[in-house]
Amino acid sequence: MKTITLIGSTGSIGKQTLDVCRKHNITVRALAAYSSTALLESQAREFSVEKVCVYSDGHYLEMRERLADTGIKVLCGMEGLCEIASDKRADLFVNSVVGMVGLLPTLTAIENGIDVALANKETLVAGGHIVMSEAEKNGVTIYPIDSEHSAIFQCLQGNDPKRVNKIILTASGGPFFGLKKYELEDVTVEQALNHPNWSMGNKITIDSATLMNKGLEFIEARWLFGVSPRNIEIVVNRESVVHSAVEFKDFSVIAQMGVPDMKIPIQYALLYPEREECDVKPLSLTDYGTLTFFRPDFETFDCLSGCVEAINRGGAYPCIVNAVNEEAVGLFLNREIPFLKIGELVRKSLDRLPEMPSDTYEDIKRAEIAARNFVFNEINF
């Protein structure tokens, strides 16, 4: 059986990853979370891990006290995340943190020759070309956990990637599908968090409401599968049953379908290439009866169009729009800016911030800082 390390263990994807580990007796060597010390302690004791990392320095002493009666090593901060990521006794490093904090641990795992199961979108959005280049150089496989990229990965099994005509990236459309901008002016946090199909963490749920999530996945797909942005088509499937598809040169289309449950792609990444029983409801197409497909509304949802423009521009622009969105979503969740301001800031950053290089991790960090400062200056102008 495989042995894993996991960062982001107390979030939605992290908890479901541990559900898969329980079912299939996967050994967990180390865990990390931002600040949820009580849950992290419970997880650490249950799985008898060797190390835990609490990213927030302010919770480090509490974590040490909680685990004082064990032999578990307690780490903190980025240094702790990277120590977990570099554990060569693990077969797989699972990255389910939210935000650009996930980039350096991913690069650390790759540099140590450890395969990566990736749910952290920002890793590939901000540093996709670096990550994929390092993965190839070090012979590392990246297993996507996002349902859409897992679907594409599955559709490509047994097929020549050179015979791909285009990738069809599906989207749910979020809670505001079909509405126009004027109808979104007074959207509340509660309304934006009410996703019709998926149960996710707050940040990714807001990203789904703005369609930023699909924009980030568009950028990810470009790097994961080595395709040009012009060969990626976004299609809204309201039922979230078709998780994505691949069209080949002969115009045959292979799609992956299933109920909207993240345990399916998580388990596929952890057990690849094996397929075992999964704790999800089987898909009944007759229960659904009809599946619907629509074009996305790029005009209403600025975040989506901003991401597509960012990857077409290249350089550090994908990193910039991602960092701007992170800051803006945080402000919206704190009720400091209105819903439509998120997309407005993303679009403005493309117009206001100059082209910047993204050849190194240091370049990416500089672009990230510039983007976050841009949001601060715009809000406090």
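Each residue takes its place number in the sequence, starting with 1.
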Check this for me, if you would: do [X] and [Y] make a salt bridge, where the nitrogen-to-carboxylate-oxygen distance has to be below 4.0 angstrom?
X	Y	value
D207	K203	yes
R29	D87	yes
E362	R366	no
K121	D146	yes
E274	K2	no
E190	R335	yes
K23	D279	yes
K181	E185	no

Is the shortest side-chain heavy-atom distance between [X] and [Y] below 4.5 Å?
X	Y	value
S244	I168	no
I311	F218	yes
L39	K15	yes
I152	F225	yes
E299	K180	no
K348	R352	yes
I206	I342	yes
D297	L211	no

For the pair D91 and I114, evaluate side chain to side chain contact (heavy atoms under 4.5 Å, CB included) and give the outcome as yes or no after the intermediate values.
CA-CA 7 Å; D91 301 306; I114 304 164; over 6 Å; no

Take E136 and M132 through the side chain to side chain contact (heavy atoms under 4.5 Å, CB included) test and state the conclusion after the steps.
CA-CA 6 Å; E136 182 178 5; M132 298 310 293; over 6 Å; no

Hits for side chain to side chain contact (heavy atoms under 4.5 Å, CB included) against F47, two or more places apart or cross-chain, chain-then-number order -> L18, C21, R22, V28, V49

Between [X] and [Y], what is the shortest heavy-atom contact and its length?
X	Y	result
P282	V259	O-CG1, 3.8 Å
G77	C53	O-SG, 3.6 Å
D363	S358	CB-CA, 3.8 Å
K263	V20	O-CG2, 4.3 Å
E368	C319	N-SG, 3.8 Å
L179	T300	O-CG2, 3.5 Å

Once salt bridge (Lys or Arg N to Asp or Glu O under 4.0 Å) is applied, what residue pairs with a partner in residues 318-331 remain, sequence neighbours excluded?
E326-R372, E327-R372

Enumerate the residue pairs fulfilling salt bridge (Lys or Arg N to Asp or Glu O under 4.0 Å) with a member in residues 243-258, sequence neighbours excluded, ordered by first and then second residue.
none

Determine whether Q16 and S12 satisfy the following criterion, side chain to side chain donor-acceptor pair (under 3.5 Å), listing intermediate values before the conclusion.
CA-CA 6 Å; Q16 291 179 83; S12 176; 3.2 Å; yes

Can you tell me how far the [atom1] atom of [X] sits from the [atom2] atom of [Y], to the nearest 0.5 Å?
X	Y	atom1	atom2	value
Y317	L353	OH	CG	7.0 Å
T27	N25	OG1	CG	8.0 Å
E62	L40	CD	CG	10.5 Å
N322	C307	CG	SG	8.0 Å
T210	N213	OG1	CG	8.0 Å

Greater than 12 external heavy atoms within 6.0 Å of R163's CZ:
no

Any donor-acceptor pair under 3.5 Å from [X] side chain to [Y] backbone:
X	Y	result
T70	L67	yes
T188	Q191	yes
E336	F332	no
N231	V227	no
R313	L350	yes
N112	T108	yes

Will you find, in the side chains of [X] and [Y], an N or O donor that is under 3.5 Å from an N or O acceptor?
X	Y	result
S150	Q154	yes
T5	R89	no
T37	E41	no
Q43	T10	no

Quick one: salt bridge (Lys or Arg N to Asp or Glu O under 4.0 Å) partners of E355, sequence neighbours excluded?
none

Would a line drawn from the ring center of F301 to the ring center of F176 be shorter than 6.0 Å?
no

Taking the six-membered ring for Trp, are the ring centroids of F294 and F177 within less than 6.0 Å of each other?
yes

The residue among E220, E148, E233 that forms salt bridge (Lys or Arg N to Asp or Glu O under 4.0 Å) with K214 is E148

Determine, stepwise, if the pair M212 / L216 fulfils side chain to side chain contact (heavy atoms under 4.5 Å, CB included).
CA-CA 6 Å; M212 183 71 182; L216 298 178; 3.7 Å; yes

Side chains of residues 97-107: which donor-acceptor pairs under 3.5 Å do they make with residues two or more places apart or in other chains?
unit_1 : atom_1 : unit_2 : atom_2 : d
T106   : OG1    : N95    : ND2    : 2.8
T106   : OG1    : G102   : O      : 2.9
T106   : OG1    : T123   : OG1    : 3.3

Using the ring-ring contact (aromatic ring centres under 6.0 Å, His included) criterion, which residues pair with Y268? Sequence neighbours excluded.
Y272

Determine, step by step, whether L285 and M257 satisfy the side chain to side chain contact (heavy atoms under 4.5 Å, CB included) criterion, reporting the C-alpha distance in whole Å, the side-chain angles of both residues, the deciding distance to 0.1 Å, and the verdict.
CA-CA 10 Å; L285 289 174; M257 298 189 291; 4.3 Å; yes

According to the interplanar angle, ranging from 0 to 90°, do the rings of Y34 and Y55 count as parallel (below 30°), tilted (30 to 60°) or perpendicular (above 60°)?
tilted

